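Here is the structure we will look at, set down as structure tokens.
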Amino acid sequence: MQEKREFIRLESLNLLDYQIVDDHGQYAAHSMGRTLDVSEQGLLLESEQEINNGDSLIVTIGLEDDLIELLANVTHVVKSDKLYHAGMKFDEVDKEGERVLKKYIDAFLKMFGTPDK
């Protein structure tokens with residue numbers, strides 16, 4: 001199967017904290033989950049909390065010794081048993097967020113090599 005993503009996604013298991021934000025900018029739900037993969041442009045989140053396509057999230061994720069907060073929009077959701085797998089694209093990544101994500105991805109590539117696209 002041909003990979004259609006512009007950026008390589010790396011398999012990654014990181015715990016994260018997130019808040020769902022409603023259309024008025026108010027926090028609608030707060031929960032924890034974990035990343036199943038991550039790239040410079042988005043991630044795949046696994047959570048027990050219901051997440052819907054089109055939701056906006058503020059995601060706080062720890063990569064190595066750094067914590068970053070990212071705004072993301074959910075692009076697709078698959079429900080499996082009691083878990084939700086939500087693919088999301090980052091809306092805004094500041095310079096510090098870019099630095100941390102690139103550092104993480106570079107370290108991963110050094111350890112495990114480049115995955116097939």
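Because only heavy atoms are used, hydrogens play no part in the values below, and waters and symmetry mates are left out as well, while side chains stay in. On a predicted model such as this, the values are computed, not experimentally measured, just so you know.
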* What is the distance from atom OG of S31 to atom OH of Y84, rounded to the nearest 0.5 Å? -> 11.5 Å
* Structure fact -> Heavy-atom nearest pair, H76 first then N53, reads N-OD1, 3.3 Å
* Structure fact -> CD (E96) and CG (L67) are apart, to the nearest 0.5 Å, by 10.5 Å
* Report the distance from atom CG of L57 to atom CG of L70, rounding to the nearest 0.5 Å. => 11.0 Å
* Asked: What closest approach, in Å, do G33 and Y18 show between heavy atoms, and which atom pair accounts for it?
  -> N-CE2, 4.1 Å
* Structure fact -> Residues A86 and V74: closest non-hydrogen pair is CB-CG1, 4.1 Å
* **Shortest non-hydrogen separation from F90 to S39 and the atoms involved** => CE1-O, 3.5 Å
* Distance-minimising heavy-atom pair for V93 and G97 -> CG1-C, 3.6 Å
* To do: Can you establish whether the number of heavy atoms outside N52 located under 6.0 Å from its atom CG is more than 12?
  => yes
* Asked: CE of M32 to OG1 of T60: how many Å apart, nearest 0.5 Å?
  -> 9.5 Å
* Considering only heavy atoms from C-beta outward, does the side chain of M88 approach that of L45 to under 4.5 Å? -> yes
* Hey, could you give me the NZ/CG distance between K89 and L71, rounded to the nearest 0.5 Å? => 12.5 Å
* Asked: So does E98 have more than 12 non-hydrogen atoms from other groups sitting under 6.0 Å from CD?
  -> yes
* Asked: Do NZ/NE/NH1/NH2 and the carboxylate oxygens of E46 and R34 come within less than 4.0 Å?
  -> yes
* Any chance you could lay out the side chain to side chain contact (heavy atoms under 4.5 Å, CB included) test for L36 and H85, step after step, and finish with the verdict? => CA-CA 9 Å; L36 298 178; H85 291 179; 4.0 Å; yes
* To do: Kindly compute the distance separating CG (L16) from OG1 (T35), expressed to the nearest 0.5 Å.
  => 6.0 Å
* **S80 side chain to L83 backbone, donor-acceptor under 3.5 Å** => no
* Structure fact -> Heavy atoms of E69 and I58 approach each other most closely as CG-CG2, 3.4 Å
